[in-house]
Amino acid sequence: MAIHERLSTGIHYTKEELLEAIETATDSRPSEKTLYNDIRALKDEYGAPIPERDRSGKPYFYTEPFSLFGLLNPTDATLANEAVALVRQMNTLPQFAGLEEILLKFEQQPGVIGKARESVVQFEQNTGYTGLNWLRQLYDAILQDHPILLDYQDFNSSSSTRYEVSPYLLKEYNNRWFLLGYAEGWYEGRPFPLDRIQRIVLLTNKRRRSGKTDWRTEFADIVGVTRIVEHPVEPLLLRVWLPRAKYVATKPFHTSQNLVNKTDTYLDFQYNLRWNPELIAKLLELGPDAELLKPAHRRAELAEKVKLMMHRYTAK
């Protein structure tokens with residue numbers, strides 16, 4: 001597993017680097033013979049695309065993307081069960097909180113984790129989403145540190161535009177996937193929805209532009225993926241009437257949500273956010289159960305959208 005994890009990045013690893021990787025992962029250093037045998041097993045038993053090498057010190061690598069997990073069969077269930085046991089153990093530690101969904105997805109795979117079982121959990125997923133076919137290519141490009149040529153067609157355009165993009169992050173929001181990267185003339189972290197991508201070419205002879213964005217904090221002050229830097233972080237005061245307010249209280253749509261007032265008929269929530277299309281959609285989603293009180297200029301902007309909706313519903 002340690003060998004596969006390294007080689008699947010697309011980077012070339014020497015014998016010594018692989019031995020160090022195994023030692024880091026297992027707290028024990030194998031012999032060179034064990035390393036050679038494991039590489040041979042990966043190649044011969046699992047079909048890993050590793051070129052033939054002698055023991056002269058030439059590096060090891062995968063010649064094409066390869067998934068070890070896609071080859072698991074019932075006889076390999078022990079390996080998968082060990083992985084699940086590790087995730088369960090990690091889930092007890094506070095720094096790994098939130099792995100419950102991964103565990104459930106593992107355990108709902110018939111014939112992979114132990115015996116096939118009746119499905120008792122359903123996950124929300126959009127299997128008809130047209131951008132899913134690009135996920136693997138983009139994932140590999142990020143891991144391999146390569147830029148891409150991307151043919152992208154905006155919904156408002158009749159033809160596609162080609163960009164050279166340095167890809168940094170894949171992010172899912174509201175059952176859609178977005179690539180965040182840098183293209184000449186755009187800000188770093190511009191989102192490219194995968195459903196608008198027409199073609200991808202991996203530029204294997206180049207390295208992507210070094211990114212400066214801290215992706216751990218990039219989305220701290222926005223809803224969704226669109227971070228409009230010209231829009232400052234603003235305090236928003238939202239009133240939501242009961243019983244809908246209880247749903248908002250138990251499922252905040254942003255981590256900055258703070259209950260600031262409570263009555264028998266409504267709850268007032270405060271947020272610190274940048275104004276963007278995803279936030280507008282979230283507010284409109286609440287319909288007549290909510291009212292944006294502050295700031296005044298955002299309230300006015302939202303009111304114009306509500307007036308347009310009313311006109312379309314009442315116009316003959």
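Computed over heavy atoms, backbone and side chain alike; hydrogens, waters and symmetry mates excluded.
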Asker: Taking side chain as C-beta onward, heavy atoms only, is Phe178 less than 4.5 Å from Pro193?
Answerer: yes
Asker: Is the terminal nitrogen or CZ of Arg190 (NZ for Lys, CZ for Arg) located under 6.0 angstrom from the six-membered ring centre of Tyr152 and within 45° of that ring's axis?
Answerer: yes
Asker: Which atom names give the shortest non-hydrogen contact between Asp268 and Leu293, and what distance separates them?
Answerer: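 Nearest heavy atoms, Asp268 then Leu293: OD1-CD1, 4.4 Å.
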Asker: Verify side chain to side chain contact (heavy atoms under 4.5 Å, CB included) between Asp154 and Thr161, making sure each step is shown before the conclusion.
Answerer: CA-CA 8 Å; Asp154 191 273; Thr161 302; over 6 Å; no
Asker: For side chain to side chain contact (heavy atoms under 4.5 Å, CB included), just list the numbers for Asn174 and Glu278, CA-CA rounded to whole Å, side-chain angles, deciding distance to a tenth of an Å, and then say yes or no.
Answerer: CA-CA 10 Å; Asn174 197 25; Glu278 293 96 317; over 6 Å; no
Asker: Ignoring hydrogens and angles, tell me if any N or O in the side chain of Asn276 forms a donor-acceptor pair with the backbone of Thr226 under 3.5 Å.
Answerer: yes
Asker: Does the Arg299 side chain pair with the main chain of Leu292, one donor and one acceptor, at a distance under 3.5 Å?
Answerer: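 Side chain of Arg299 to backbone of Leu292, a donor-acceptor pair under 3.5 Å: yes, one is there.
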Asker: Within a 6.0 Å radius of atom NE2 on His297, are there more than 12 heavy atoms belonging to other residues, nucleotides or ligands?
Answerer: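 Atom NE2 in His297 is crowded, with more than 12 foreign heavy atoms closer than 6.0 Å.
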Asker: Taking all heavy atoms of Asn272 and all of His254, pick out the closest pair and write down the distance.
Answerer: O-CE1, 4.4 Å
Asker: Going through the distances and angles, do Lys15 and Tyr36 end up as a side chain to side chain contact (heavy atoms under 4.5 Å, CB included)?
Answerer: CA-CA 9 Å; Lys15 172 195 68 178; Tyr36 295 136; 3.3 Å; yes
Asker: Among Asn133, Leu138, Leu179, Asp151, which residue satisfies the side-chain contact (heavy atoms from CB on, under 4.5 Å) criterion with Ile200?
Answerer: Leu138
Asker: Could you tell me if the side chain of Leu259 sits less than 4.5 Å from the side chain of Asn261, heavy atoms only?
Answerer: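 A side-chain contact under 4.5 Å is absent here.
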Asker: May I ask you to decide if Ile197's main-chain N or O and Trp134's side chain share a donor-acceptor pair within less than 3.5 Å?
Answerer: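 Here the side-chain-to-backbone pair exists.
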Asker: I'd like to know if Lys294 and Glu234 make a salt bridge, using a cut-off of under 4.0 Å between side-chain N and carboxylate O.
Answerer: no
Asker: Check whether any side-chain N or O of His146 sits under 3.5 Å from a backbone N or O of Lys206 as a donor-acceptor pair, and report yes or no.
Answerer: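 Side chain of His146 to backbone of Lys206: a pair is present.
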Asker: Taking all non-hydrogen atoms of both residues into account, name the closest pair between Phe192 and Ala183 and its distance.
Answerer: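 Shortest heavy-atom contact: CZ-CB, 4.3 Å.
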Asker: For residues Tyr247 and Leu286, determine if any side-chain heavy atom of one lies less than 4.5 Å from a side-chain heavy atom of the other.
Answerer: no
Asker: Looking at Arg208 and Pro167, would you say the former's side chain and the latter's main chain have a donor-acceptor pair under 3.5 Å?
Answerer: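 Yes; judged by distance alone, with no hydrogens or angles, the pair exists.
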Asker: Any chance you could measure Asp140, atom CG, to Glu64, atom CD, to the nearest 0.5 Å?
Answerer: 11.0 Å
Asker: Just how far is it from atom CD1 of Ile3 to atom CG of Leu19, taken to the nearest 0.5 Å?
Answerer: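 Interatomic distance, Ile3 CD1 to Leu19 CG, rounded to 0.5 Å: 8.5 Å.
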Asker: Do you know the tightest heavy-atom contact between Pro147 and Leu202?
Answerer: O-CD1, 3.9 Å
Asker: Would you say Leu7 and Ile39 make side-chain contact, with heavy atoms under 4.5 Å?
Answerer: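 No. Closest side-chain heavy atoms not under 4.5 Å.
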Asker: Under a 4.5 Å cut-off applied to non-hydrogen side-chain atoms, are Glu301 and Glu304 in contact?
Answerer: no
Asker: Do the non-hydrogen side-chain atoms of Pro243 and Asp289 ever get within less than 4.5 Å of each other?
Answerer: no
Asker: Can you tell me how the ring of Tyr163 sits relative to the ring of Trp186, calling it parallel under 30°, perpendicular over 60° and tilted otherwise?
Answerer: perpendicular
Asker: Within the structure provided, determine whether Leu238 and Phe253 are in side-chain contact (heavy-atom separation under 4.5 Å).
Answerer: yes
Asker: Test of understanding: with ring-ring contact (aromatic ring centres under 6.0 Å, His included), list the residues that count as partners of Phe219, not counting sequence neighbours.
Answerer: none
Asker: Which value, rounded to the nearest 0.5 Å, describes the distance between Leu35 atom CG and Arg29 atom CZ?
Answerer: 9.5 Å
Asker: Leu302, Val240: one ILVMFWY side-chain cluster at the under-4.5 Å cut-off?
Answerer: yes
Asker: Walk me through whether Glu218 and Arg274 qualify under salt bridge (Lys or Arg N to Asp or Glu O under 4.0 Å).
Answerer: CA-CA 12 Å; Glu218 175 69 6; Arg274 293 179 189 270; over 6 Å; no
Asker: Heavy-atom count around Tyr313 OH within 6.0 Å, excluding the residue itself: above 12?
Answerer: no
Asker: Checking side-chain contact (heavy atoms from CB on, under 4.5 Å) against Arg227, which of Ile222, Thr213, Leu180 comes through?
Answerer: Ile222
Asker: Supply the atom-to-atom distance Ile142 CD1 to Leu170 CG, rounded to the nearest 0.5 angstrom.
Answerer: 4.0 Å
Asker: State plainly whether one hydrophobic cluster holds both Ile148 and Leu132, where clusters connect Ile, Leu, Val, Met, Phe, Trp and Tyr through side-chain heavy atoms under 4.5 angstrom apart.
Answerer: yes
Asker: Are the side chains of Trp275 and Leu236 in contact, using a 4.5 Å heavy-atom criterion?
Answerer: yes
Asker: Between Leu150 and Leu203, is there a shared hydrophobic cluster once you connect ILVMFWY residues whose side-chain heavy atoms come closer than 4.5 Å?
Answerer: no
Asker: Sub-3.5 Å donor-acceptor pair from the side chain of Glu164 to the main-chain atoms of Glu184, do we have one?
Answerer: no
Asker: Drop me the distance from His231's NE2 to Leu273's CG, to the nearest 0.5 angstrom.
Answerer: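 Those atoms lie 13.0 Å apart.
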Asker: For the residue pair Arg176 and Tyr173, would you count it as a cation-pi contact if the rule is NZ or CZ under 6.0 angstrom from the ring centre and within 45 degrees of the ring axis?
Answerer: no
Asker: Taking all heavy atoms of Tyr62 and all of Ala48, pick out the closest pair and write down the distance.
Answerer: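 Reported closest heavy-atom pair: CE2-CB, 3.9 Å.
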Asker: Do you know which two heavy atoms are closest between Pro51 and Phe61, and how far apart they sit?
Answerer: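 Looking at all heavy atoms of both residues, the shortest contact is CD-O, 3.2 Å.
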Asker: Enter the distance from Thr34:OG1 to Ile22:CD1 here, rounded to the nearest 0.5 Å.
Answerer: 8.5 Å
Asker: Determine whether Leu149 and Leu143 fall in the same hydrophobic cluster, where Ile, Leu, Val, Met, Phe, Trp and Tyr are linked whenever their side-chain heavy atoms lie under 4.5 Å apart.
Answerer: no
Asker: Do Glu291 and Arg244 sit within salt-bridge range, that is, some charged N less than 4.0 Å from a carboxylate O?
Answerer: no
Asker: Indicate, with yes or no, if Tyr266 and Leu237 share a hydrophobic cluster defined by side-chain heavy-atom contacts under 4.5 Å among Ile, Leu, Val, Met, Phe, Trp and Tyr.
Answerer: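 Not linked; separate clusters.
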Asker: Is the side chain of Thr217 donor-acceptor paired with the backbone N or O of Ala220 at a distance under 3.5 Å, no angle test?
Answerer: no
Asker: Checking side chain to side chain contact (heavy atoms under 4.5 Å, CB included) for the pair Lys305/Ile280: CA distance, chi angles, key distance, verdict?
Answerer: CA-CA 9 Å; Lys305 293 185 181 297; Ile280 294 172; 3.7 Å; yes
Asker: Quick one: does any side-chain atom of Ser157 pair with a main-chain N or O of Gln153 as donor and acceptor, under 3.5 Å?
Answerer: no
Asker: Please answer whether the main-chain N or O of Val248 pairs with a side-chain N or O of Gln257 as donor and acceptor at a distance below 3.5 Å.
Answerer: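 Checking the backbone N and O of Val248 against the side chain of Gln257, a donor-acceptor pair under 3.5 Å is found.
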